[in-house]
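Each remark here refers to the structure printed beneath this line.
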Number of protein chains: 2
Amino acid sequence: MAKVTLQTIADRVGVSRATVSYAFSRPDQLSDGLRRRILEVADELGYAGPNATARSLRRGRAGALGLLFSETLPYAFADPYAVGFFQGLAAAAEDAGVGLLILPLPHGERRTVPVRDAVVDAFCVVSLPDGHPALAEVLARKLPMVVVDEPYVPGHPFVGIDEPAAGALAAGHVLELGHRRIGVAMVGLHDDGRTGWADPARQRAAPFEAMRGRRAGYESACVAAGLDWAGVPFYELSRNSRAAGREAGHALLRAEPRPTAVLTNTDVLALGILDAAADLGLRVPEDVSVVGFSDSAAQEAGLTTIRQAKQEIGEKAGRLLLSDPPPAPERLIFPHELIVRSSTAAPH
Amino acid sequence: MAKVTLQTIADRVGVSRATVSYAFSRPDQLSDGLRRRILEVADELGYAGPNATARSLRRGRAGALGLLFSETLPYAFADPYAVGFFQGLAAAAEDAGVGLLILPLPHGERRTVPVRDAVVDAFCVVSLPDGHPALAEVLARKLPMVVVDEPYVPGHPFVGIDEPAAGALAAGHVLELGHRRIGVAMVGLHDDGRTGWADPARQRAAPFEAMRGRRAGYESACVAAGLDWAGVPFYELSRNSRAAGREAGHALLRAEPRPTAVLTNTDVLALGILDAAADLGLRVPEDVSVVGFSDSAAQEAGLTTIRQAKQEIGEKAGRLLLSDPPPAPERLIFPHELIVRSSTAAPH
DNA sequence: ATTAAGGTCTTAATTGATTAAGGAGGTTTC
DNA sequence: GAAACCTCCTTAATCAATTAAGACCTTAAT
């Protein structure tokens, strides 16, 4: 019961290895009788079909797209935004008949480095912090690569939204409604697991480019409206969950003076803020306005949010990756839009 | 700028190909000076590192697990249950430093068959209908394989729950509360996209084994309680979404006589039933009781549901797949449990 | 001086296929 | 009867690495 290869079958049938290969991958090159004979013998010997790796090597094509997320895999799908993006990407992959290889991030000292050994034709990098070692490994592979959301890598295609503009749009909305006491809750700024108040210095030092930009949009809109940013309570979360949002909500809504509007950078967080408001007996939007981000979990709860085309972004990334010739290093900025629902209103 | 391989570098440095290989994958076999020299030249020539496919071929190890879902990829993650399972599986994969190759199902006539060409060490099959061609392709690869939920394949490990018992538990709960007019809404029984009323014959002909079993559990509990199953309104959905649940809810809650309890096989569907009840001015649980399944989206809404250990199931599947020697063909049945919340109560 | 032991590099076999080019043999065409 | 043309199969190069075993040189121990 040693390993059965094309050669084993060839020897048994008394033909050359090439003939057996044709039997499997180019039936028209063979007489029907011989082909049947070969398949029969293959079956008898328990042949598992042409070895996928060998075929891939010879053909120079892996039939898979590599995908790198910032979060450890188990948490990557906690955010509906990620799920939407993934659906778009998967649709493109499915269309082309290629698989999606989800890679674990390098982790501790291990002898096999997932990125280096990934059998893929191209890489899609999503939301990596500045300077993350995985990015260097991806670049070293010299395969086509597109980045989604962050970080922008000159010379490679980029797909995302105009983060500062989107942030400014969200903040501008509540400012226009007349709010002057704003609070902010954000997740995904830093990688160090810290949760709690963040001063402007720490905010600006965030290694995640997209979130840094989004936050800068909040700030610029506030400053333009005459607010002192240093006086804006800013609560940072390490996990994007409803429970984390609730924690931030408790902190922000107990601040003195209490904010009349809270900005968040995910809908999931915003839902948690709503929970906190309920805990504290505050009405939304009468006592406090809440703005989410992504329009991923917002509709049912009546959340005002910024909608971004997550599926389209994923699909576009996929098509770029699969395009032949390889994609030009464009920067593709998708539109975003403010969706006003019932979680925001003028103060008082 | 032709392709750079180990040989290119070897020629340039004036050493053998093996030496260059050692420089990359076994540094201790080489003097420091030469190694540095080689890496330098490699860099100069723009070498992308040892070719992953060739390495994989030679080592006989792909570093990836293949994953097959029944649904087309873009919809696979619509159900939080799937997400939970995936998180568990991903955790196991991450631990082992291997990737997760999500495969598109064979689809139309294409020259590359994704399963056949997938560079993986093992397959995880999730929720495939009886007789799905992809299963045959997976089996032909003769790699380790585990099935999750369905279909049971003799001779291969299986991970799931006791579906008939879980179904019976859900139905038994409302029957014990005293309900006698039960309605059922289920998704994922058939593959043909039909939505609408399903008679018992069609119910029993469902190609999805797990859902068939779950339904059989509903039926047996009802029959044991003296109900006539043929008189139980049964609405079948082709998509697992809140909107689909709402549609089913409208149909069921307008039936005469109106059911006082509705069983569903996913929480997402149950949420839709709640929407429909609200639309029709019915109070839950006073006018109608609703039972979900999976405890994936149930907590916030106060849904009574059956909890199954989705993450543990995923993780166990992963560990089996990665175990060496390959896993024995056990049938691993995980526990389920009834979680009673505020969506069920005695009738009247 | 001799032998053993290390360290460093090379040789060559191996992994399992694909595919262009060519040859053998038979049939058709003029 | 020769040229032309198929059909069916073989030869041999190729894809890009890994790794056991051996060669060669230096150093250390006996």
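Quick caveat, the model's predicted, so the values are computed rather than measured. By convention in this document, chain letters (A, B, ...) are assigned in the order of the sequence lines, proteins followed by strands, and residues within each chain are numbered from 1.
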Residue pairs passing the side chain to side chain donor-acceptor pair (under 3.5 Å) test where at least one lies in residues 10-35 of chain A, sequence neighbours excluded: A:Q7-A:D11, A:Q7-A:R17, A:S16-A:T19
Closest-nucleotide 5' rank along DNA chain C - winner of A:N51 and B:L34: B:L34
Sugar-phosphate, base or nothing in reach of A:G49, heavy atoms under 4.0 Å: sugar-phosphate
Interatomic distance, B:R58 CZ vs D:dT18 C1' [rounded to whole Å]: 4 Å
Residue pairs fulfilling salt bridge (charged side-chain N to carboxylate O under 4.0 Å, His left out) with at least one residue in residues 141-154 of chain A, sequence neighbours excluded: none
Distance in angstrom units between A:R61 CZ and D:dA16 P, rounded: 16 Å
Listed partners of A:D191 passing salt bridge (Lys or Arg N to Asp or Glu O under 4.0 Å), at least two apart: none
Expected output: side-chain A:D121 to main-chain A:R61 donor-acceptor under 3.5 Å: no
Positions of residues 12-30 of chain B (non-hydrogen atom under 4.0 Å from DNA chain D), listed by number: B:R17, B:A18, B:S21, B:Y22, B:S25, B:R26
Those residues that, when tested against A:R116, pass salt bridge (Lys or Arg N to Asp or Glu O under 4.0 Å) (two or more places apart): none
Which residues share a ring pair (Phe, Tyr, Trp, His ring centres under 6.0 Å) with A:F158, sequence neighbours left out: A:Y152
For A:R58, all residues meeting salt bridge (Lys or Arg N to Asp or Glu O under 4.0 Å), sequence neighbours excluded: none
Nearest-angstrom distance from the residue atom CZ of A:R116 to P of D:dA17: 13 Å
Side-chain N or O of B:R55 closer than 4.0 Å to phosphate OP1/OP2 of D:dA17: no
Donor-acceptor pair, side chain of B:H190 and main chain of B:D192, under 3.5 angstrom: no
Difference in axis direction between the ends of the helix from C:dA1-D:dT30 to C:dC30-D:dG1, five pairs, 10°: 40°
List, one per line, each side-chain donor-acceptor pair under 3.5 Å for residues 322-332 of chain B, sequence neighbours excluded.
| unit_1 | atom_1 | unit_2 | atom_2 | d |
| --- | --- | --- | --- | --- |
| B:S323 | OG | B:L320 | O | 2.8 |
| B:S323 | OG | B:P325 | O | 3.3 |

Integer-rounded Å distance: D:dA16 P and B:D11 CG: 14 Å
Outermost nucleotides of DNA chain C that come under 4.0 Å of a non-hydrogen atom of chain A: C:dG16 to C:dA20
Pairs where residues 49-68 of chain A contributes a residue and the test ring-ring contact (aromatic ring centres under 6.0 Å, His included) is met, not counting sequence neighbours: none
Pairs of donor and acceptor atoms involving the side chains of residues 37-52 of chain A, under 3.5 Å and at least two apart or interchain, shall be tabulated with distances.
| unit_1 | atom_1 | unit_2 | atom_2 | d |
| --- | --- | --- | --- | --- |
| A:Y47 | OH | A:G49 | O | 3.4 |
| A:N51 | OD1 | A:T53 | N | 2.8 |
| A:N51 | OD1 | A:A54 | N | 2.8 |

Selected nucleotide, minimal atom distance to B:R59 side chain, candidates D:dT18, D:dT14, D:dA16: D:dT18
